[in-house]
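Comments concern the structure below.
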Amino acid sequence: MKCDNLQLPFAVRFGVGCVATAMAVLAFIPFSVRAQTSAPETFQRDPKQAIDESYTQLIRKYTTAPALNSPLTDYLPASDSVPTPAKVLGDVAGAPDVLPYAEETYRYFRMLAAASPRVKVYSIGHSEEGREMIAVAVADAALLAQAKENGARLAQLADPRRLQLDDTKAQALINQSAPVYYITGAIHSPETGAPTALMELAYRLAVDNAPYVQYIRAHLITLITPVVEVDGRDRMVDVYKWHKAHPGQNWPYLVYWGHYVAHDNNRDAMVMTLELTKNVLNTYLEWHAQVLHDLHESVPFLYDNTVGDGPYNSWIDPILTDEWAMLASDNMARLQSFGMPGAFTHGNFDTWSPSYLMFLAGMHNGISRLYETFGNDGADTEKRVLSPGEYARTWYRPNPPYPTVLWSQRDNNNYEEAALLSTLSYFAHNAKLFLNNFYLKSKRSVEKPRNEGPAAYVLAQDDGSWNRQMQLLKVLALQHVEIQRLTKAATVALPPPPHKEGEEPKPGTPPPPSSQTFPVGSFVIRMDQPFSRAADALLDRQFWAPDDPQKEPYDDTGWSLGDLFNAKVSRVVDTGILSAPMSPVPDLTQIPTDELGPGPFYVVNNSAQVSLASLVYALQGAADVSIGEENFESDGHKFAAGSLIIGRVEMSKLKPLLEQFDLTAVSLARQPSVKAHPAAAPRIAFMHTWLSTQAEGWWRMAFDKLHVPFVYINTQTVSKEADLRSKYDVIVFAPVGYSSTQEIVDGLPMWGNALPWQTSSLTPNLGKLDSTEDLRPGLGEAGVAHLKDFVQQGGLLITSEDTAQFAIEEGMAPGVFVAPPKTLKVVGSVLSSAVVDNKRPIAYGYEGAIALYSSSGLAFTVSNLTVNRDILTAKDYKRPTGRGGPDDEDTPQGRPAEKAPPLPSPKAWEATPLNEEQERNNPFLIPPEYRPQVILRYAAMKDLLLSGLLDNGDSLAEHPVVVLAQFGKGGVLLFANNPMYRGETVGSYALVFNSIINFEHLK
Ligand SMILES: [Zn+2]
């Protein structure tokens, strides 16, 4: 319907473009607890409310230019009873030189809650290091008092099955309910501004009588977690204090943020390995919030990046993409109207991967949002020089940031608060619309099987996959996805296979199966549940077109968890599966296991479980554990090579361990007759650099969670430790992440002052995981020599990606080279590989194709020489000019032809064999027993890509990806992939652990 001039004033008054819509809004009012009105025309303060003059003066003093503030935030309302942030900070929020610890921030919020009935503080859990996380709710006292009842109504909207999908019932609930808007700050520790901005925001929401603020607190509950990464926050404040105490000096970089990972704490929303992820999602879902809005600081001056750029995640409801656009469009328009430069919403961030914290909302029928504001990594006021790309005026950024700017933490806080307050106002004024959308998205998630599908994902009951299935199902449980189990076998129709143009079925080949039967006990993830999208996005495969207009994926392009967990997941489109008999699995730890027989021998079949090493270490000294070297049969049971044979064990010791580690064992009356070697529980050292600890942190977490013990050392200790072999059997040198051999060896340049990472009274939170008086020195030439000695004396060095390259470049992996990538493009993709020789202990338990995570397509080549020389092969041979056609042989005239010996034609994963001529007196020739063993190779081109982006994959296809190099008496295990990455690559963990428990028997 068109709006004409006569109707316009009415429409404007209701803040909508058209009368018909305005009437629709009015129609809700009779049912509403509090009437919803149009958006306010201004954000004017209440002229009758006094201003806190001294606080206001300091806001203005610390704001470096008037345009960098808004009418919403350039004053602070006064209160007789409610303390301002200055009570704890000693200065205003965003003041220079002031950076509070998480605990100080909490102290303020608790003071606020004690002083105002509009504020409540909840403890929501703890970090890995035991620091508390909180959520602060702010709303009218009446609304807060009703939060439980409000939550109970929202819970029904969140699960429309409880309303029989009845829209009328939903409308009644919508009309009575207030939405919850959840804001989180300081997940990224060097991005320091959010805690003080959120302290002041809470004060304003509780105290300010401006009509727009009154409206917000009457119509929605604002929920705030001021510090998400609490461990990292406290370390960051320590570093900042050190910096303030050492003027004129360089200060230490934040080498640890959280206990395990740094920036990647915002890539954990899929597998949910970190406490902060679990605490935020549980809080978000307990409150049945509609928005999760995460605050970051890396872009000038404010980038509302949720609109960003394509490709968008394929599994979200289209309603969400329009909500992003609505919210950002209003939000940016408001900031423009305040005259604040550099606020924009388009830009290069693609919303493809669901790994970001905020995306927990996107996957759970809410709205994910993220601001990037500008930060100085601390509370110093600094002159900032922007890059041309940052200050360019573009179509989506007509009012760009200044090319140079004096920038303060207060400026940052002004932007964060002004943007949040205006967006909260918009959300409050459109609360019913967003609640209705929340209900619709939840309902459409339940209706998924009958709309876009699929109907379900099924993990077929299979003893061999049980352990890895459990790891995957636990992730789904953390995501609050419902899991069911078939109580009878179920058969589903399979869709016809995709028909390829011009491809005729070969005569004699049987037609593809048209149905599939899943046995009783199979796990079913039904798609007619509220969080079906979370499961769908994680279990489906991803395809990023090589010619996608987006040439710079922001993060990984593939993550299909069924592949990465080595747990086959069937995508079932036949809705018949939904009526198969099944029952819910409310608690995965309560699934009854088979009775363990009387022994005295037990065998745990090796099917590449993640936790065989866990069991070996736990049984150390309490049992005899050996490892069968061949496939074997005993008492009618079949076991694969690599199976654990356990004797001399108390059943009371073994049974709880099997349960803890999701393992099953077969009881045998007699010791099986198979060639076996004792399972090793070698002494492991984890060596980290001081360059970066994040990539190794993911490995460290995997070892910790699986209870595989290690000593934590660093490159500097190794440079001083001559006799590593006497202390350790295995050294794990996990990837550093984008580092070079030169950086690993040399560390940072040594001019300037030392950069200590140590516990002190000034820095009580540093130096706990590991410490050094100076972060700068690297491994050094001495450290390289010590590592070489360690391997030559029989140690095992485990490397991956850049540390594998380091081992190759330092000469510790004779005959292994990096395959030239040519024009290859891989961006965080899931690629398929195959076992070259499954008699090798490292590959024990693996069968068929193995999915691997590749960050950028690293692959190896192997050679029988220590030098990378091209040796002519049949594939590369080009015939010379002469008689005959292109495929004929030339014939010398005047004598009989001599047959040339055939040129070698090795596979891409094999070394080219040398002839006698090439081997004679060749000092570079590697003796056969010292040649590298290729354990895994990449799949052929047609099978290579499982998920994500792969372009020009020929330089990767069939090339070695996991290789054991021989060096002296020991070995260097080289992974071109990253087998322990973000908790996502559970399926490749056993490659690492096999190498550990078969230590000394790897050849
Ligand atoms: Zn960030």
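Remember, it's 1-based here, ligands and their atoms both numbered in the order they're listed. Everything quoted here is computed from the prediction, not taken from an experiment.
Taking the charged nitrogens against the carboxylate oxygens, Arg131 and Asp231 do have a contact shorter than 4.0 Å, which makes a salt bridge. Ionic pairing of Glu200 and Arg410 is present here: one or more N-O contacts between side-chain nitrogen and carboxylate oxygen are shorter than 4.0 angstrom. Salt bridge Asp294/Arg369: absent, no basic N to carboxylate O contact under 4.0 Å. By the 4.0 Å N-to-carboxylate-O rule, Asp556 lies close enough to Arg982 to be salt-bridged with it.
Residues passing the ring pair (Phe, Tyr, Trp, His ring centres under 6.0 Å) test with Tyr303 are Phe344, sequence neighbours excluded.
Below 30°, between 30° and 60°, or above 60°: for Phe434 and Phe427 the angle between ring planes is below 30°, a parallel geometry.
Counting only distances under 2.8 Å, and ignoring water, the protein N, O or S atoms around the Zn ion (ligand 1) are His188 ND1, Glu191 OE1, Glu191 OE2, His296 ND1.
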